[in-house]
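Structure record follows, encoded as structure tokens.
Fair warning: this is a prediction, and the values are worked out from it, not measured in the lab. One-based numbering along the sequence shown.
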Amino acid sequence: MLATASLAEEILQLKRERRAILLAHYYQEPEIQDLADSVGDSLELARRSRDFEGDVIAFCGVWFMAETAKVVNPTRTVVVPDREASCSLVESCPVEPVRAYRRLHPDHAIVSYINTSVEVKAESDILCTSRNAVAVVNSIPPEQPILFLPDRNLGDWVQKQTGRQNMTSWQGSCIVHATFAARKLVAARMEHPGARVAAHPECPPDVLALADFVGSTTAIIQYCVQTGGDEFIVMTESGVAHPLHKLAPGKTFYFIPAEHCNCSECPYMRRNTLEKLRDCLLRIEPRVEISEELMRRALVPLERMLALQ
Ligand code: 13P
Ligand code: SF4
């Protein structure tokens, strides 16, 4: 405990010296969330990165989120505690097949989830997050066909919400949410019959069909805090338990383990630790470096998304 306290002091001291801001996604461990200037979902963190005026953004999340911060605020230095903090959705969608698809289907609008590499973003017409994906798809003219990258579960869900027929989804998936099993959720509902179910749209369709609410990380937190009822089954990464317990201390939250680890933790997000955060502020690396040209191209679809609401 004492070691954690002195580590936290070291981080805060370095943060002042570096004129840094600490941004953390809800899937980070509680100790990191508690030190952060802002904790949010991917959309909120992208907006917060854009508005920052200091020198260094220490991004406690995964690499694609830090790349997004760099693209929206290119004169700042952006560091991430662990360079290997990737994402299975990013890994599922290399840029070459996307370019090949674009060549074969020049009439399609490419709508990319923010969980993509900066190279894929640069090939896209507009980006989306789980929070605004329905609005983004609705912003594309109805007659224009869409390629939706790279999460098939989010793509299916958006297709259902919008009724869009001319939409093709890439076949990527999240290593955490895609392995939540409907049979475990059914068992949890039988065990806790009064509980409401909130799920992230990266979950499989049979899980989403059992949910009372589907939304982004922040939307799930708001739903659980604001909705009546004392018990909630939460189908997302268990990092959100921390803000939930702080914001709704009287309520009970159940997290259903995913198949990959018998837990609900993202193995990429959890690579970041307090020690690595201290080290990255000390050394100012691993640092996000992107060519000017790539940043310029990736900014176009990102700005289109941010302009939507
Ligand atoms: P949010 O957009 O809800 O932050 O989700 C990001 C993510 O990686 C979900 O797994
Ligand atoms: Fe990627 Fe899934 Fe981890 Fe989110 S939870 S960062 S989608 S692997």
Side-chain angles (χ1 to χ4, degrees), residues 41-47 62 64-65 67-68 71-72 87-175 177-178 199-209 211 213-219 294-309:
D41 67 8
S42 56
L43 182 62
E44 290 162 331
L45 294 176
R47 289 190 189 284
V62 286
F64 76 81
M65 295 180 177
E67 284 182 336
T68 306
V71 169
V72 293
C87 167
S88 61
L89 286 168
V90 174
E91 309 291 325
S92 76
C93 190
V95 71
E96 270 315 325
V98 177
R99 287 193 185 123
Y101 193 98
R102 168 77 87 214
R103 281 193 295 274
L104 280 172
H105 307 279
D107 58 327
H108 281 49
I110 298 188
V111 178
S112 291
Y113 193 25
I114 202 159
N115 297 41
T116 44
S117 68
V118 67
E119 288 82 4
V120 169
K121 288 184 174 76
E123 299 297 328
S124 307
D125 293 294
I126 189 164
L127 305 186
C128 70
T129 73
S130 54
R131 184 108 76 100
N132 60 18
V134 169
V136 167
V137 164
N138 279 334
S139 76
I140 310 287
E143 64 285 358
Q144 186 173 17
I146 293 174
L147 172 65
F148 186 91
L149 302 174
D151 189 67
R152 64 166 179 256
N153 292 336
L154 178 63
D156 283 358
W157 182 73
V158 170
Q159 204 162 11
K160 282 192 191 112
Q161 301 305 303
T162 59
R164 191 90 184 202
Q165 296 302 315
N166 52 355
M167 183 172 147
T168 305
S169 288
W170 204 258
Q171 292 301 299
S173 61
C174 163
I175 193 175
H177 295 88
H200 197 281
E202 291 170 9
C203 295
D206 55 357
V207 168
L208 297 180
F213 177 80
V214 177
S216 76
T217 310
T218 297
L294 197 51
M295 283 200 282
R296 190 178 42 73
R297 288 175 50 222
L299 185 60
V300 176
L302 196 42
E303 292 278 28
R304 281 191 190 129
M305 172 188 82
L306 292 173
L308 261 189
Q309 62 303 75

* **Candidate pair Thr68 and Val71, rule side-chain contact (heavy atoms from CB on, under 4.5 Å), full reasoning** => CA-CA 5 Å; Thr68 306; Val71 169; 5.7 Å; no
* Working for side-chain contact (heavy atoms from CB on, under 4.5 Å), residues Leu308 and Arg304 -> CA-CA 7 Å; Leu308 261 189; Arg304 281 191 190 129; over 6 Å; no
* Go through Thr218 and Asp41 one step at a time and tell me if the side-chain hydrogen bond (donor to acceptor under 3.5 Å, both in side chains) criterion holds. => CA-CA 6 Å; Thr218 297; Asp41 67 8; 3.3 Å; yes
* **Stepwise side-chain contact (heavy atoms from CB on, under 4.5 Å) check, Met167 with Val111** => CA-CA 10 Å; Met167 183 172 147; Val111 178; over 6 Å; no
* Asked: Do Leu89 and Glu202 pass the side-chain contact (heavy atoms from CB on, under 4.5 Å) test, and can you show the C-alpha distance, the side-chain angles, and the key distance before you say yes or no?
  -> CA-CA 10 Å; Leu89 286 168; Glu202 291 170 9; 4.0 Å; yes
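For the pair Glu119 and Val98, the minimum side-chain heavy-atom distance is 4.5 Å or more. Here the side chains of Lys160 and Pro205 are in contact, with some heavy-atom distance below 4.5 Å. Annotation: side chain of Asp151 is not in contact with side chain of His177 (no heavy-atom distance under 4.5 Å).
For the pair Ala219 and Phe213, the tightest heavy-atom approach, listed with the atom from each and the gap, is O-CE2, 3.5 Å. Taking every heavy atom of both residues into account, Ser88 and Cys174 meet most closely at OG-CA, 3.3 Å. Minimum heavy-atom separation, Gly215 to Pro201: O-CD, 3.3 Å. Nearest heavy-atom pair, Trp170 versus Ser92, reported as atom, atom and distance to 0.1 Å: NE1-O, 3.1 Å. Between Ala122 and Arg297 the shortest heavy-atom distance is O-NH2, 3.5 Å. The heavy-atom pair separating Arg164 from Val137 by the smallest distance is NH1-O, 3.4 Å.
The structure places CG of Asp125 at 14.5 Å from CE of Met305, a figure rounded to the nearest 0.5 Å. Summarising the geometry, atom OG belonging to Ser173 is positioned 12.0 Å from atom CD belonging to Glu91; distances are rounded to the nearest 0.5 Å. Within the model, atoms CE of Met295 and NZ of Lys121 stand 13.5 Å from one another, a figure rounded to the nearest 0.5 Å. In this structure, Leu302 CG and Ser112 OG are separated by 11.0 Å, a value rounded to the nearest 0.5 Å. A distance of 13.5 Å separates CG in Leu149 from CD1 in Ile114, rounded to the nearest 0.5 Å. We find the CG-CD distance between Leu154 and Gln159 to be 11.0 Å, quoted to the nearest 0.5 Å.
With hydrogens and angles ignored, the 3.5 Å screen pairs no side-chain donor or acceptor of Glu303 with any backbone N or O of Pro301. Judged by distance alone, the side chain of Asn115 and the main-chain N or O of Val90 form no donor-acceptor pair under 3.5 Å. Side-chain atoms of Asp156 do not come within 3.5 Å of backbone N or O of Asn153 as any donor-acceptor pair.
Residue pairs meeting the ring pair (Phe, Tyr, Trp, His ring centres under 6.0 Å) criterion with at least one member in residues 94-141, sequence neighbours excluded, are Tyr101-His105, Tyr101-His108, His105-His108.
By the 4.0 Å N-to-carboxylate-O rule, Arg47 lies too far from Glu44 to be salt-bridged with it.
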Side-chain donor-acceptor contacts of residues 139-146 below 3.5 Å, not counting sequence neighbours, with atom names and distances?
residue : atom : partner : partner atom : Å
Ser139  : OG   : Val136  : O            : 2.5
Gln144  : NE2  : Asp107  : O            : 3.1

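Under the rule for a side chain to side chain contact (heavy atoms under 4.5 Å, CB included), the partners of Leu45 that lie at least two apart in sequence or sit in another chain are Leu23, His25, Phe59.
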